[in-house]
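Letters A, B, ... are given to chains in the order of the sequence lines, protein chains preceding strands, and every chain is numbered from 1.
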Protein chains: 2
Amino acid sequence: MSEVTPVLLDEQLCFSIYSASKKFNHFYQSALAPFKLTYPQYIAMLALWEDAPLTVHQLGQRLELDSGTLTPLLKRLEKQGWVTRMRSRTDERQVMIHLTAMATAKRDEVYQRIGQCQTLLGMSDQEIQALMTDLVAVKNQLDEVSRQRLIDKKVNVQ
Amino acid sequence: MSEVTPVLLDEQLCFSIYSASKKFNHFYQSALAPFKLTYPQYIAMLALWEDAPLTVHQLGQRLELDSGTLTPLLKRLEKQGWVTRMRSRTDERQVMIHLTAMATAKRDEVYQRIGQCQTLLGMSDQEIQALMTDLVAVKNQLDEVSRQRLIDKKVNVQ
DNA sequence: AACAATTAAATTGTATACAATACTATTTGA
DNA sequence: TCAAATAGTATTGTATACAATTTAATTGTT
């Protein structure tokens with residue numbers, strides 16, 4: 001008796017975002033091919049160029065990635081000469097990620113290449129800003145809902 | 001002498017999208033936990049509920065995924081009883097993906113659960129539509145730029 | 001000081017993604 | 001017609017993601 005509204009793929013915001021994310025990933029990956037950086041490696045480098053040195057934990061908070069993803073990624077970056085990983089002497093649990101001289105030297109070259117990519121989007125800064133604001137709002141709402149669900153669960157358990 | 005504009009993580013549209021995509025993925029994954037469907041498995045089911053049967057190739061075009069991703073994913077869906085995979089008799093190269101009776105039976109239950117999730121976003125249909133339109137525009141632009149680059153390459157080769 | 005609780009990374013296991021290659025079936029062109 | 005080209009799927013190899021567990025170091029408490 002009760003009609004259920006069909007869920008159509010093309011009407012799902014999640015699918016637009018999922019799909020756009022993969023396309024961006026691919027786009028930057030090929031733009032970064034001369035540097036042999038993958039997209040996740042690239043955003044790790046962006047964070048480090050802003051704030052190095054960082055602990056694995058700090059980098060993880062910035063990128064929303066855990067050690068299960070970051071540890072192997074950082075080992076690959078180390079192997080390719082972008083970073084060094086060294087245990088903190090004041091707290092042996094922590095691993096500090098430092099930039100190498102090569103990473104510092106190549107920074108502006110990467111900045112320049114990516115800066116060009118941004119303009120290729122053909123969007124004004126205002127348009128990009130507006131889109132980003134919406135996306136952040138969606139993210140925050142998802143966090144909020146997840147948080148409430150978690151509390152509901154806890155309440156139910158008691 | 002020439003100043004290079006720094007590339008700041010928080011100003012990158014790609015990072016907003018990447019980050020929102022992961023969050024959506026996680027959000028739906030937990031909403032779908034009762035059905036033991038991952039997010040990519042779920043969108044495959046959405047496409048199949050709309051149009052089954054589909055060949056692997058057709059499904060790949062719909063989801064923008066290739067056989068390297070879909071073959072193992074579909075094998076897992078088959079193992080869990082959602083789909084069957086059978087070689088087409090008219091063209092033995094093709095593998096047709098059919099829904100099982102269980103998949104058809106559970107469709108509305110999934111539709112209902114996901115329909116509820118949409119409302120949790122607290123956005124109007126207009127807002128969601130506007131955001132999706134922007135995202136599609138970004139995707140198209142990325143495709144366009146990639147296409148031009150490809151042509152440039154070919155021209156350069158000649 | 002002793003020891004439980006906590007924290008930080010690494011590891012393990014599962015599931016995407018995707019480039020590149022392989023394999024088979026079909027189609028096409030000389 | 002039959003060999004070359006093409007098409008559809010599967011496989012291999014590399015790189016994320018992330019939950020869950022493990023290990024080691026630090027902190028808090030008594």
Rounding to an integer number of Å, can you tell me how far B/Glu64 CD sits from C/dT16 C1'? 16 Å

Judged by nearest nucleotide, the residue sitting upstream toward the 5' end of DNA chain C, A/Lys75 or B/Gln41, is A/Lys75

Name the orientation class of the two ring planes belonging to A/Tyr42 and A/Tyr39 (parallel below 30°, tilted from 30 to 60°, perpendicular beyond 60°). tilted

Closest to the A/Asn25 side chain, choosing from D/dT11, D/dA17, C/dC18: D/dA17

Would you indicate, yes or no, if C/dA17 has its OP1 or OP2 atom less than 4.0 angstrom from a side-chain nitrogen or oxygen of A/Tyr18? yes

Heavy-atom distance under 4.5 Å between the side chains of A/Gln141 and B/Met123, does that happen here? no

Would you call B/Val110 and A/Val7 a side-chain contact if the rule is heavy atoms closer than 4.5 Å? no

Taken to the nearest whole Å, CG/A/Leu32 to C1'/D/dA15 is 15 Å

B/Leu77 atom CG is separated from C/dA15 atom P, nearest whole Å, by 11 Å

Closer than 4.0 Å, any side-chain N/O of A/Arg76 to the OP1 or OP2 of D/dT16? yes

Could you check whether A/Gln94 and A/Thr55, counting side-chain N and O atoms only, form a donor-acceptor pair closer than 3.5 Å? no

Do A/Arg113 and A/Phe35 make a side-chain contact, defined as non-hydrogen atoms from C-beta onward lying under 4.5 Å apart? yes

Between C/dC18 (C1') and A/Lys23 (NZ): distance, integer Å: 14 Å

Return the residues of residues 80-95 of chain B meeting this criterion: a heavy atom under 4.0 Å from some atom of DNA chain C. Order them by number, or give none. B/Thr90, B/Asp91, B/Glu92, B/Arg93

Side-chain donor-acceptor distances from residues 67-78 of chain B under 3.5 Å, at least two apart:
unit_1, atom_1, unit_2, atom_2, d
B/Thr71, OG1, B/Ser67, O, 3.0
B/Glu78, OE1, B/Arg85, NH1, 3.3
B/Glu78, OE2, B/Arg85, N, 3.2

Which listed nucleotide (D/dA17, C/dT16, C/dA10) is nearest to the side chain of B/Thr69? C/dT16

Once you round it to whole Å, what is the distance between C1' of D/dA15 and CG of A/Leu37? 13 Å

Within this structure, what is the CZ-to-P distance between B/Arg62 and D/dG8, rounded to whole angstrom? 18 Å

Are the side chain of A/Trp49 and the backbone N or O of A/Ala103 linked by a donor-acceptor pair below 3.5 Å? yes

Taking N and O atoms by type only, does the side chain of A/Ser67 place a donor or acceptor under 3.5 Å from a partner on the base of C/dA8? no

When all nucleic acid strands are considered with a 4.0 Å heavy-atom cut-off, which category describes B/Gln58: base, sugar-phosphate, or nothing? nothing

Select from A/Leu73 and B/His57 the residue whose nearest nucleotide in DNA chain D is closer to the 5' end of that strand. B/His57

Given D/dA15, C/dT16, D/dA19, the nucleotide with the shortest approach to the side chain of B/His26: D/dA19

A/Leu65 CG to D/dT16 C1', straight-line distance once rounded to whole Å: 9 Å

Heavy-atom side-chain proximity of B/Lys22 to A/Leu65 below 4.5 angstrom: yes

Whole-Å distance, A/Met96 CE to C/dA10 C1', equals 18 Å

Just to be sure I understand the rule, does A/Leu70 reach a base, reach only the sugar-phosphate, or reach nothing, if contact means heavy atoms closer than 4.0 Å? nothing

